[in-house]
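One structure is given below, encoded as structure tokens.
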Amino acid sequence: MLGLNLRQEFKGRRLKGTAIELSNEANTGATQVSAQDFLEITYPTHDLLKGIEAVGPNQGRPVVVIGERGLGKSHLMATLFHAVNDSASTAAWLKSWSNTLSDPRIANIQLRKEMLVIGESLHRQRYKFLWDLLFERHPHGTYIKGKWEGMGASKTDIPSDQLILELLRHTPTMLLLDEFQTWYDGLTNTKQYPWKNWAFNFIQILSEIAKEHPDLLVLVVSVRNGDTDAYQQIHRVNPIQIDFKAGGSPERIQLDRRRMLLHRLFENRLQIAPSSIESLIGSHMSEYFRLLGTPTSEQDRKSREFVEAWPFAPHLLQLLEDQVLVATDAQETRDLIRILANLFKSRGDETPILTAADFRLDDDASGIGALLDSVANQQHRALREKALRNLTSVVEAVTDHASKAPHLHEIVGALWLRSIAVGNMAGAEPAVLQADITKDKSIDDNAFQVELATIIENSFNIHQDGPRLVFREEENPQAKVMASARNDKLFTDGSDLAQLAKEIRYVIGGSEEVAKTFRVIALPRSWLSEPWTGLDESEQPDRWDDRLPILVLPEEPDRLNERLGRWLKDHLQKRRNTVRFLLPRAGTTNIFYDRDLLVLARAEMKAQEWSAQSPEYRKLQTKYQNELRDILKKRFDRFAVLHRWSFADPKKCEFHVEALKEQGAKVPEAIEQALVNDLFVPEDFEELILEAAADNASIGKLLRELQEPRPSGQDCIPWLGETAMKERILRMCARGKVAINLRGMEYLQAQAGEDEDTAWKRLRAKLAFTGRQLDEIFLLPPSAVPSTGGATPPAPAPGTPSVGGLFEGDSAPTPLSPGVASDKPADPLPPAQPCGGIFGDGTGNGLRTTLSNPATSPLNLIGKLEGWGIGPATPVKEVTLKVSSATGAQLKELLKRLPDGMTFELSLDKEGS
């Protein structure tokens, strides 16, 4: 990358800590190395130059360095150490930077000379009291310590200001107290050990001496903030504050900070020509300006920012400084240096500019590890784990993800980094993500939108927050469902195929009315070779009932006649003429290979599976179910039924293919209407029935033959169902074309002079038999059956008293055994007899026919009335019901059920007790 070199200390496999120690046991502390070596890695920021001026000659105030961990307090303190301890090297360093930055004021800063410098990082707890540090490090300290301790009874708890002044007059001193607040806050402060109070008093003494005798003592103290007692005593003497705010100028703060970072990281960053940088990152800058809509007037200033921040994008540095590190417990500059050093080592040689997209979630070396080490917030660590699982989900769910989502790792990494920012700044808009992944070549906007949509659809922790996308720890129900639905590895058991087949069955035959009449079976994707594999046992052909089978094909067969003919021969051994094949639209793929439909079916399954977790999943289940069903309703637009059959050569089979205008649950009825109105030929059916009647064939055998294809290439008669076929046979009977022998109990045929409708009403309830009973019902030509009717009762002998039944009247014939019907056909109707007038005097001119039936059940007698042509308005006379035996309770119950408005006679034989 333009010959940019990382400093040697950052090139190791394991990055050393960037925290500055003033001194350590290895003598490698910042104050223990030479001024030249230390100043080599030091950039002259505004705050650092201010500190050097503050400890220079003719200054009379203590210096307080205020800032949280990681801002560079210790580095500044070490620089001040060298500025006083080795003023010659410091002067040369200032002059060099004055030339580099073209700022002569830097070289004119005055330095203090010939002063002892004592510096200590107090958080190391090497000294209980501050005076111990002075007594040990100062050349006159041992003498003053002895003098203080030899004061006897007049010895004070802390050394007096006179003793300290005597010490300093011997050798003027600059005292650097780093991490003073950390040390002070850890002191014990009890009545027995009032050490914090003593430290409070002693720092007051030092502050006043530094103010009143600046030639004897320069006091420099670092604290984290100005709200503690550790700072208050120094604050009383109006110290010079260095707070890392660059004099209050935001632009100067940013410029100083970024130059300091780059100088700290790289050996030769300032030697890289700006023109070379602009040429290298030109594509990224132009795309950044376009995607984010940067005004033309702002582009020059922004371009300078890009050049100043290179090799890092300024939007990356701003993200890390202002959002990410603020949102965590990171130590700002210190941790930022480690993060950027790792990022450059990992990705610096592969890209012209480093952006948020270069943080790879699956590669700790890319800066993620250093960043997470700096983050004390477990939520952000957990969010990384979530993002990694989302990354894996996309890889597993998207086949050939390398080509469909070539920037997967970059987009997910950038979105994760931007999602751990603070407040409403978390996340990123798609344009920002596109800018992050754009390096030396622009990315097509449409291709990026497709890739981003693929990632979002297969991730379950990416949420839409207004225009921004953001990773969140909680799952996005819709994203989770869709990500799971697109993961083929979750459905290797074929459960998604079963769900899709279930929805097909529901869409076509789901309503209760349809299910009563039709059996809808969705054949599997391997329907040509294994049509019954995986289907429920109730859907196997040997378990079919009388419902009409509709077989839903998953795909449109090529060479339809040959394919379906071969299929019927190989996979259906009986009832081949009953099948309706429902065909998908032309040009569609196998429905079980249609990924969009499979994903919807899977989404419905997963939403139902997780519906107990949240109401959102129940809403999603309904949503995906409705979407799937709407598509399936429109999927099928034709049906096929067998027209001509050839068992020997299925290629010669022919099928009727008819279009359907109806959709969904209306399809089965539409198929039947098309069969009845367009394909069923009544003349062919009647011809077949007449042939069966001539052969005295049973209706059971006839119906079984109709369920099979007709042989010898004859046109098949569409099977309309058992009930419809029996009704059509009865219609022929009502028209007098055939007669029916009803199991030897009764003959069904049209009566002389009876029209079709009247005969149909009389006969339609007669043929309610099913199953094996139909084998006992035979068709006959009408001429082979006598007219049906009742039997003529024998005439009573003259003078013989009549024995009435339950109701007094003409005598009845001797009944058969109770409840047993005669197996003989009823006798022909007797000739009509003259009957009496309305008053029974024999003068009436009407004809009366006497009808009777042997003893049987009430239900059979009701049927007999219909057979005799007695309807609700038919007048009857001299009605006699005979009961051979009954109990009193039965008789009473019978009388209660007789109709009101009529009178009845009663005679009976009462048996003795």
Side-chain angles (χ1 to χ4, degrees), residues 22 31 35 39 47-66 76-94 105-120 122 127 129-145 147-148 156 158-178 180 199-223 231-242:
L22 297 186
T31 61
L39 294 175
D47 293 299
L48 188 141
L49 295 176
K50 178 182 177 182
I52 294 175
E53 285 184 315
V55 299
N58 304 319
Q59 299 293 331
R61 295 157 63 189
V63 178
V64 178
V65 182
I66 301 178
L76 189 148
M77 298 280 278
T79 304
L80 299 183
F81 177 94
H82 288 295
V84 176
N85 189 62
D86 189 350
S87 58
S89 297
T90 305
W93 174 76
L94 289 172
R105 294 175 299 174
I106 298 176
N108 295 331
I109 295 175
Q110 298 297 309
L111 301 176
R112 190 184 292 265
K113 302 175 182 179
E114 297 178 359
M115 183 175 253
L116 173 67
V117 182
I118 299 176
E120 178 63 24
L122 294 178
Y127 300 96
F129 305 112
L130 289 180
W131 51 84
D132 290 339
L133 172 63
L134 281 173
F135 292 158
E136 181 179 311
R137 299 276 190 90
H138 198 279
H140 200 52
T142 303
Y143 171 78
I144 297 298
K145 178 180 180 182
K147 185 176 180 178
W148 174 52
T156 57
I158 61 176
S160 66
D161 58 345
Q162 293 297 324
L163 290 172
I164 300 302
L165 282 171
E166 182 180 349
L167 177 79
L168 296 174
R169 287 190 181 104
H170 180 277
T171 305
T173 302
M174 181 169 79
L175 181 61
L176 295 166
L177 301 177
D178 194 19
F180 175 71
F200 187 86
N201 293 336
F202 190 69
I203 198 67
Q204 180 180 355
I205 292 172
L206 294 178
S207 300
E208 292 175 351
I209 292 174
K211 178 182 179 182
E212 297 171 2
H213 304 279
D215 56 327
L216 299 179
L217 176 65
V218 176
L219 178 62
V220 182
V221 175
S222 74
V223 295
Y231 171 73
Q232 293 305 315
Q233 283 296 0
I234 307 173
H235 181 68
R236 292 173 66 250
V237 296
N238 190 27
I240 297 174
Q241 293 187 16
I242 300 174

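Each residue takes its place number in the sequence, starting with 1.
Proximity of a side-chain donor or acceptor of Trp148 to a complementary backbone N or O of Thr156 within less than 3.5 Å is detected. Using modelled atom types, one side-chain atom of Thr173 and one backbone atom of Thr171 make a donor-acceptor pair closer than 3.5 Å. The closest donor-acceptor contact from the side chain of Arg137 to the backbone of Ile118 lies at 3.5 Å or more, if one exists at all.
Of all heavy-atom pairs between Gln59 and Glu53, the closest is CG-O, 3.3 Å. For the residue pair Pro159 and Ile205, the shortest heavy atom distance occurs at O-CD1, 3.8 Å. Here the closest non-hydrogen pair linking Phe202 and Ile158 is N-CD1, 4.0 Å. When all heavy atoms are compared, the tightest approach of Thr31 to His82 is CA-NE2, 4.0 Å. Here the shortest heavy-atom pairing between Ala83 and Thr90 reads CA-OG1, 3.2 Å. Considering all non-hydrogen atoms of both residues, Pro57 and Arg112 come closest at CD-N, 3.5 Å.
Annotation: the span from Arg169 atom CZ to Leu216 atom CG amounts to 6.5 Å, rounded to 0.5 Å. The line from CE of Met174 to CG of Leu80 is 6.0 Å long, rounded to the nearest 0.5 Å. Atom-to-atom distance recorded for Lys145:NZ and Leu163:CG is 13.5 Å, nearest 0.5 angstrom. A distance of 12.0 Å separates CG in Asp47 from CD in Gln241, rounded to the nearest 0.5 Å. Here the CG atom belonging to Leu167 is positioned 11.5 Å from the OH atom belonging to Tyr143, to the nearest 0.5 angstrom. Remark: Leu177 CG to Ser222 OG distance equals 8.0 Å, nearest 0.5 Å.
Under the 4.5 Å side-chain criterion, counting only non-hydrogen atoms from C-beta, Asp178 is not in contact with Glu120. No side-chain heavy atom of Val237 sits under 4.5 Å from any side-chain heavy atom of Arg61. At a threshold of 4.5 Å between non-hydrogen side-chain atoms, the residues Leu133 and Leu175 count as touching.
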If you apply the rule side chain to side chain contact (heavy atoms under 4.5 Å, CB included), what do you find for Ile109 with Leu49, and how did you get there?
CA-CA 8 Å; Ile109 295 175; Leu49 295 176; 3.8 Å; yes
Report the C-alpha distance between Phe180 and Leu130 in whole Å, list the side-chain angles of each, state the deciding distance to 0.1 Å, and finish with yes or no for side chain to side chain contact (heavy atoms under 4.5 Å, CB included).
CA-CA 10 Å; Phe180 175 71; Leu130 289 180; 4.0 Å; yes
Derivation of the side chain to side chain contact (heavy atoms under 4.5 Å, CB included) call for Phe81 and Leu22
CA-CA 9 Å; Phe81 177 94; Leu22 297 186; over 6 Å; no
Could you give me the CA-CA distance, side-chain angles and deciding distance for Ile240 and Lys50, then say whether side chain to side chain contact (heavy atoms under 4.5 Å, CB included) is met?
CA-CA 9 Å; Ile240 297 174; Lys50 178 182 177 182; 4.1 Å; yes
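For the side chain to side chain contact (heavy atoms under 4.5 Å, CB included) with Val55, the lone residue among Val84, Leu111, Leu176, Thr79 that qualifies is Val84.
Using cut-offs of 30° and 60° for the angle between ring planes, the His140 and His170 rings count as parallel.
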Donor-acceptor list for residues 206-213 side chains, cut-off 3.5 Å, not counting sequence neighbours:
unit_1, atom_1, unit_2, atom_2, d
Ser207, OG, Ile203, O, 2.8
Glu208, OE2, Gln204, NE2, 3.4

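Applying the salt bridge (Lys or Arg N to Asp or Glu O under 4.0 Å) rule to Lys113 yields no partners; only residues at least two apart in sequence or on another chain are considered.
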